[in-house]
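Scope of the values below: all heavy atoms of this structure, side chains included, with no hydrogens, waters or symmetry mates.
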Amino acid sequence: STIHCKIGHVNDINNADIVAQGMPVCFVGKSSGYRDAEVGSVCIWHEIEIGGQPHCFSDIFEITHPKPSYLKTGLARPGDSGAWIISRENLCTSWNGMLIGGDGAQAYACYAENLMNDLRMYSDFSIVSGQIMEGQPSV
């Protein structure tokens, strides 16, 4: 897979308690391309319409346009789902979550920590020092 030139290599996974309101983030969506954003509300419940049907999501976070935001244009477009939400602090590029939907000027993401916990629960793979090890016990 290719790494976007503005993001580089991701070398950390942030736990949910690190993802904070106002944190600068970015993502590269399949439809929208590279987008700067910031974290809005955290640990929220929100109803997102997918294929014309409402779905309720819990323990997600919101991303919005960076402040100050004068225009409320769409942040993410259909096809961007699955994009990684990335932050850069202290020379560290971290994965914070994955884009799951948008609602105009806001988009919503599930936490990377929760995705990793689900991966450990439902698979025989565990990730150790950035490498996938098959058959290792879940942590």
How long is the straight-line distance from [atom2] of [Y] back to [atom1] of [X], given to the nearest 0.5 Å?
| X | Y | atom1 | atom2 | value |
| --- | --- | --- | --- | --- |
| I18 | D12 | CD1 | CG | 9.0 Å |
| I86 | N96 | CD1 | CG | 7.0 Å |
| E113 | D17 | CD | CG | 6.5 Å |
| F61 | C43 | CZ | SG | 10.0 Å |

What pairs meet the salt bridge (charged side-chain N to carboxylate O under 4.0 Å, His left out) rule with one or both residues in residues 50-69, with sequence neighbours excluded?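 Only E38-K67 qualify under salt bridge (charged side-chain N to carboxylate O under 4.0 Å, His left out).
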Cluster check [X], [Y]: I/L/V/M/F/W/Y, side chain < 4.5 angstrom:
| X | Y | result |
| --- | --- | --- |
| I85 | I100 | no |
| W84 | L99 | no |
| V10 | L119 | yes |
| M98 | M116 | yes |

Closest approach of [X] and [Y], non-hydrogen atoms and distance?
| X | Y | answer |
| --- | --- | --- |
| G101 | S81 | N-OG, 4.2 Å |
| A76 | A107 | CB-CB, 4.1 Å |
| G79 | S31 | CA-OG, 3.6 Å |
| I60 | C110 | CG2-CA, 4.2 Å |
| N11 | C92 | OD1-SG, 3.4 Å |

Is a donor on one side and an acceptor on the other found under 3.5 Å between the side chain of D36 and the backbone of C26?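 It does not hold such a pair.
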Does [X] reach the side chain of [Y], with side-chain heavy atoms less than 4.5 Å apart?
| X | Y | result |
| --- | --- | --- |
| L115 | W95 | yes |
| D80 | L75 | no |
| M23 | N14 | yes |

For F27, enumerate each residue passing the ring-ring contact (aromatic ring centres under 6.0 Å, His included) test, keeping only those at least two apart in sequence or located in another chain.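 F27 satisfies ring-ring contact (aromatic ring centres under 6.0 Å, His included) with no residue once adjacent residues are dropped.
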